[in-house]
Trainee: 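What follows is a single structure, and I will ask about it in a moment.
To find a chain, count down the sequence lines: A is the first, B the second, and so on, and within it residues start at 1. Atom set for the values below is all heavy atoms of this structure, side chains included, hydrogens, waters and symmetry mates excluded.
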Amino acid sequence: MTVRTRIAPSPTGAPHVGTAYMALFNLAFARKHQGQMILRIEDTDQSRSTKESEDAILSSLKWLGLDWDEGPDCGGEFGPYRQSERLEIYKEAIQKLVDAGYAYPCFCTAERLNEVRKKQIENKQTPRYDGHCLNLSKEEIEQKMQAGEPFVYRLKIPTEGSCVFEDELRGEVSIDWSQIDHQIIQKTDGFPTYHLASIVDDHHMKITHVIRGEEWINSTPKHILLYEGLGWAPPSFAHLPLLRNPDKSKLSKRKNPTSIDYYKDAGFIPEAVVNYLGMMGYTLPDQREIFDLEEMSESFDIKRMSLGGPIFDIAKLKWLNGRYLREKLEPKDVLNRLIKWKANPEFLGKILPLALQRLETLSDFFPLAQFLLDDIPNYTTDQLVGKQEALEVAKLLKIAEWEMEKMLNWDRNYLSQLFQKIAEVEELKLKQVLPAFFVAFSGNSISLPLFDSLALLGPDLARTRLRTALEKLSAAGSGLSKKGLKKLEKEYMQKYGNRID
RNA sequence: GUCCCGUUCGUCUAGUCAGGUCAGGACACCGGGUUUUCAUCCCGGCAACAGGGGUUCGAAUCCCCUACGGGACGCCA
């Protein structure tokens, strides 16, 4: 039997290093066993999935050199590789599950479900569907469906006993069925949820080994049950540890740059990033620390994974990147990388119009442009705060961070509108709002036009700079307190609308 | 709250499966050397088996309990 693994990113945001991490290990495993890795797009959430995100994820993984054998871009024997194009297959599976008594329609409204959940939490129970629609008669179901009532399909969970499965890394895992919710497998919009779609696809795409994040352990019983209901043999499961923030929580963009694009923009080279990810939770048998995917694959043994969640340490990544630049690459290669990165006519050409009026000699150019080439510019907290109140500055920075997350398009126009809006809502003049941002983004109170610069800087570096500024304020004791942050968040939601993550 | 998973230097980890070398390496940090500065490079140092109980001649390693950390509990994935 050919080993087949997969990565299944959801195209709902920036390409995440966690996706790259999973891709790397899936790939190493597949390569070791002369198998294939496929890439499948899990776009069953119609409201959040975007083509832009899908393209960004594919191109980031390619940049890293983590390539797949079958996928939406290159096709393959078991396509299509985009779940939104496989709806008929899921419909069929759901019908099969209903017929076999493993799934049932549910007509409960969101309001009722919220209420039930609220009560359960109050009573310190695990929130779980109460089985209300399980008791509907055939006639009732038919009547409701005929009347066009919206409904979902749920998975029927055994009432007693437990699900025991084998995790390749952890051994036997046992979870009581009483802990498992009657998972929705088809939503009101007719789309399947992740759980259903992924197991149907894994089966049809002949996936033999599901290697995924630890966050999925608790839903594995649902998946096993789905396999059973469909009469299919489940693949083997291996749950890898999750990458962590320095505070040990799951890696998140609030606390750490998580976008692969950030590392690209900040001047890391793909080989070093991949190598670094490979040493998170894993060591080669001979303990060498410089290695590429091929070397890793040769000796790869998933059993060597260590299970404690590794903290993503940018300092070590930088050291490793440095070693690549001076040991693995020739100077001419470094030069080529530099050119490909930002030292090219396209990029510099975009900066030039912004700097031109400020030039007396050519030598004035690079100092002005420097902050667009830097990872993080240098400045003091005093410079950042200027003549304003430190706390006000912190609030503005935080609001901008939240607002930037809502941006669909990263261009000058949207950025300009963003700051206009903040000025308006905060009842300030734009020139009162901007000084701190000049310093946070450029390291200087005098700089190139802000919005144009930000457009060139890109969302990932921009966000990191905001976070750095906020951290500087906190370190100086003049940042937002936990309480202050909560209050600000509340005010923000009133004045600017909901936040998105 | 309930359940699941985890726990070796500050961080990444080797050693655990087949109990028996001063618990090894790397990052960071500190000190020294090379270098006109800095960086690189070289040398040295600091620093860990979460706690308790068992099993054993012997436990980081096997078993149990506790603590701590993380994750899951969505018509998200």
Trainee: Please determine whether a side-chain nitrogen of the Lys or Arg among R467(A) and E471(A) lies less than 4.0 Å from a carboxylate oxygen of the Asp or Glu.
Mentor: yes
Trainee: Taking atom C1' in both rC22(B) and rC62(B), compute the distance separating them and give it to the nearest angstrom.
Mentor: 25 Å
Trainee: Would you call D292(A) and K328(A) a salt bridge, using N to O less than 4.0 angstrom?
Mentor: no
Trainee: Measuring only the C1' atom in each nucleotide, how far is rU21(B) from rG15(B)? A whole number of Å is fine.
Mentor: 12 Å
Trainee: Return the pairing partner of rA60(B) with a 3.5 Å limit on both distances, Watson-Crick or G-U wobble; otherwise return none.
Mentor: none
Trainee: Let me know the distance between CD of E166(A) and P of rC5(B), rounded to the nearest Å.
Mentor: 12 Å
Trainee: Under the salt bridge (Lys or Arg N to Asp or Glu O under 4.0 Å) rule, collect the residues that match up with K62(A), sequence neighbours excluded.
Mentor: D73(A)
Trainee: Given the P atoms of rU34(B) and rA39(B), what is the spacing between them in whole Å?
Mentor: 14 Å
Trainee: Does this structure show an ion pair linking E214(A) with R170(A), if we count only N-O contacts that are shorter than 4.0 Å?
Mentor: yes
Trainee: According to salt bridge (Lys or Arg N to Asp or Glu O under 4.0 Å), who are the partners of R465(A), at least two apart in sequence or on a separate chain?
Mentor: none
Trainee: Does rU55(B) have a Watson-Crick or wobble partner in any strand here, with both distances under 3.5 angstrom, and which is it?
Mentor: none
Trainee: Each nucleotide in nucleotides 38-50 of chain B should get exactly one letter: B, S or -. Can you fill that in based on protein heavy atoms under 4.0 Å?
Mentor: --SS---------
Trainee: Suppose we define a pair by two distances each less than 3.5 Å, Watson-Crick or G-U wobble; what does rA50(B) pair with here?
Mentor: rU66(B)
Trainee: Partner lookup for rG44(B), please. Criteria are Watson-Crick or G-U wobble with both distances under 3.5 angstrom; report none if nothing qualifies.
Mentor: rC30(B)
Trainee: Does the structure show a Watson-Crick or G-U wobble partner for rU37(B), both distances under 3.5 Å? Name it, or say none.
Mentor: none
Trainee: Rounded to whole angstrom, note down the P distance from rC46(B) over to rG20(B).
Mentor: 25 Å
Trainee: Would you call the rings of F29(A) and H33(A) parallel, tilted or perpendicular, where under 30° means parallel and over 60° means perpendicular?
Mentor: tilted
Trainee: A cation-pi test, strictly: NZ or CZ of K472(A) under 6.0 Å from the centre of the six-membered ring of Y379(A) and no more than 45 degrees from its axis. Yes or no?
Mentor: yes
Trainee: Distance between the P atoms of rC63(B) and rU55(B), in whole angstroms?
Mentor: 15 Å
Trainee: Evaluate whether atom NZ of K51(A) has more than 12 neighbouring non-hydrogen atoms of other residues, nucleotides or ligands under 6.0 angstrom away.
Mentor: yes
Trainee: Could you measure between the two P atoms, the one in rC41(B) and the one in rA26(B), and give it in whole Å?
Mentor: 12 Å
Trainee: With P377(A), which of D374(A), L373(A), D375(A) fulfils side chain to side chain contact (heavy atoms under 4.5 Å, CB included)?
Mentor: D374(A)
Trainee: Nearest-Å distance, CZ (R244(A)) to P (rG71(B))?
Mentor: 7 Å
Trainee: Identify which one of K96(A), R154(A), E228(A), K156(A) satisfies the side chain to side chain donor-acceptor pair (under 3.5 Å) criterion when paired with Y102(A).
Mentor: E228(A)
Trainee: Give a yes or no on whether the ring-centroid distance for W402(A) and Y496(A) is below 6.0 angstrom.
Mentor: no
Trainee: Quick one: are Y276(A) and F312(A) in side-chain contact, heavy atoms under 4.5 Å?
Mentor: yes
Trainee: Using heavy-atom distances to pick each residue's nearest nucleotide on RNA chain B, tell me which of R170(A) and L251(A) is more 5'.
Mentor: R170(A)
Trainee: Sugar-phosphate means primed atoms, P, OP1 and OP2; the rest is base. With that split, encode nucleotides 7-14 of chain B 5' to 3' as B, S or - using protein heavy atoms under 4.0 Å.
Mentor: ----SBSS
Trainee: Distance check, P atoms only: rA14(B) and rU8(B), in whole angstrom units.
Mentor: 10 Å
Trainee: If you assign each of L317(A) and I175(A) to its closest nucleotide in RNA chain B, which residue comes earlier from the 5' end?
Mentor: I175(A)
Trainee: What's the gap between rA59(B) and rG51(B) when it is taken at their C1' atoms, as a whole Å value?
Mentor: 15 Å
Trainee: Check the distance between rG69(B)'s P and N245(A)'s CG and give it to me in whole angstrom.
Mentor: 16 Å
Trainee: With sequence neighbours excluded, what pairs up with E168(A) under the salt bridge (Lys or Arg N to Asp or Glu O under 4.0 Å) test?
Mentor: K303(A)
Trainee: Can you give one letter per nucleotide of nucleotides 72-77 of chain B, going 5' to 3': B for a protein heavy atom under 4.0 Å from the base, S for sugar-phosphate only, - for none?
Mentor: SSSBBB
Trainee: Provide the Watson-Crick or G-U wobble partner of rC73(B), both distances under 3.5 Å; none if there is no partner.
Mentor: rG1(B)
